[in-house]
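Okay, structure first, notes after.
These values consider heavy atoms only, across backbone and side chains, with no hydrogens, waters or symmetry-generated copies.
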Protein chains: 2
Amino acid sequence: MSNEEHILTEHGVKPTANRILILKTILEEERPLSMTEIETILETVDKSIISRTLATFREHHLLHDIEDGSDSVRYEVCHGHHHDGLCCDEGNDLHVHFHCEACGRTFCFEKTHIPIVNYPEGFQIHSINYMAKGLCPECSAKSGNNDK
Amino acid sequence: MSNEEHILTEHGVKPTANRILILKTILEEERPLSMTEIETILETVDKSIISRTLATFREHHLLHDIEDGSDSVRYEVCHGHHHDGLCCDEGNDLHVHFHCEACGRTFCFEKTHIPIVNYPEGFQIHSINYMAKGLCPECSAKSGNNDK
DNA sequence: GACATCGTTGCAACTGAGTTGCAAAGTTTA
DNA sequence: TAAACTTTGCAACTCAGTTGCAACGATGTC
């Protein structure tokens with residue numbers, strides 16, 4: 001049983017060929033992927049399948065979505081501590097994401113936690129999205145602007 | 001000359017009837033509006049006009065866009081300090097936004113600044129989006145779950 | 001093994017947000 | 001008033017994502 005099959009079964013999702021493939025893709029990229037990005041990588045898989053598969057994964061808390069705003073929602077597999085079927089960002093391991101404006105990739109700063117601020121009275125906070133944008137090291141080097 | 005006309009002229013945008021109307025709407029709501037929300041409020045104005053007007057406003061730094069992820073991009077007029085044609089979030093007055101998952105409205109916590117965290121080496125940060133989600137006071141009260 | 005059942009697949013058709021083409025209307029300048 | 005330019009408003013388009021539906025495949029029962 002492959003790692004992907006294991007993760008799927010663990011979350012109560014039947015490990016079909018497409019699901020294994022899609023999960024494998026997201027895991028291998030090691031960064032949050034949008035539906036369109038998955039579509040591009042997996043040319044052979046119909047977008048309706050990707051759409052439905054991602055919905056299934058979400059329902060089973062196998063991944064969570066992050067928003068980098070610039071285009072579409074991206075999906076990230078929870079590598080953090082899973083307990084009670086929750087993935088990291090549904091628990092307390094909120095981390096910062098970074099979206100490169102040049103190459104369009106989104107990165108996880110897993111070591112960097114989101115600082116909690118004081119909110120006005122009466123607001124109930126359920127989740128927080130901390131998204132920084134700019135240039136990733138590679139694009140920063142390419143553009144010849146190498147200072148930090 | 002109305003306040004709206006003044007703002008438009010100040011930013012080098014010719015104050016036409018539609019532009020005044022759209023700006024007035026955004027100002028009056030006092031919270032970031034999405035294109036669709038503006039469309040709903042201003043039934044008489046065609047969405048192509050709203051689309052083009054918002055593009056014009058953006059080009060002239062009259063407003064900036066924030067992303068609450070859940071649906072579309074929202075626009076907010078800069079009430080902060082404007083200098084050099086930059087609006088607040090393009091300068092250093094980054095503040096926290098809050099999106100209510102029940103009523104779908106987005107609020108500005110203008111008093112709450114985004115805390116800056118340490119990023120991994122090599123990443124150039126240009127902008128930051130700090131978006132909290134949950135229930136606003138009104139929806140929180142309605143749902144009978146009134147604790148903070 | 002044959003049959004019924006149920007979830008999954010893959011195509012096509014749809015939806016909804018947003019943009020663009022284009023001609024008519026309005027504004028500005030000489 | 002005429003020429004040049006901008007804005008308007010409709011319709012047509014684009015693009016991402018979802019849904020309808022029939023075919024397919026896996027699983028379970030007799």
- Task: Whole angstrom is fine here: how far is it from CD1 in B/I50 over to C1' in D/dG9?
- Result: 12 Å
- Task: Round to a whole Å and report the spacing from CG of B/L21 to P of D/dT7.
- Result: 16 Å
- Item | B/S51 side-chain N/O to C/dA17 phosphate OP1/OP2 under 4.0 Å | no
- Any ion pair linking A/R74 and A/E37 (charged N to carboxylate O, less than 4.0 Å)? yes
- Query: Given atom NZ of A/K14 and atom C1' of C/dT9, what is their separation to the nearest angstrom?
  - Reply: 12 Å
- Whole angstrom is fine here: how far is it from CG in A/L33 over to C1' in D/dG17? 17 Å
- Item | Between D/dG25 (P) and A/I49 (CD1): distance, integer Å | 13 Å
- Message: With a 4.0 Å cutoff (strictly under), does any side-chain N or O of B/T36 reach OP1 or OP2 of C/dG18?
- Response: yes
- Item | Interatomic distance where CG belongs to B/L42 and P belongs to D/dT8 [whole Å] | 13 Å
- Note on the structure: Winner on side-chain proximity to A/K47, out of D/dT18, D/dT6, C/dA17, is D/dT18
- Task: Return the nearest nucleotide to the side chain of A/S48; candidates are D/dT19, C/dT9, C/dA17.
- Result: D/dT19
- Would you call A/V45 and A/I38 a side-chain contact if the rule is heavy atoms closer than 4.5 Å? no
- Message: For a 4.5 angstrom cut-off between non-hydrogen side-chain atoms, does B/P32 reach B/Y75?
- Response: no
- Message: Using whole Å, what does the distance between atom P of nucleotide D/dG17 and atom CD1 of A/I22 come to?
- Response: 14 Å
- Does B/N18 place a side-chain N or O at less than 4.0 Å from the phosphate oxygens OP1/OP2 of D/dT7? no
- Which whole-number value in Å describes the distance from A/E39 CD to D/dG17 C1'? 9 Å
- Message: Under 3.5 Å, is there any donor-acceptor pair linking the side chain of B/R52 to the base of D/dG9?
- Response: yes
- For D/dT8, take OP1 and OP2 only and decide whether either is under 4.0 Å from a side-chain N or O of B/T16. yes
- Flag the pair B/F123 / A/S140 as yes when at least one side-chain heavy-atom distance between them is below 4.5 Å, and no otherwise. no
- Query: What's the spacing between B/H97 NE2 and B/R31 CZ if we round to 0.5 Å?
  - Reply: 12.0 Å
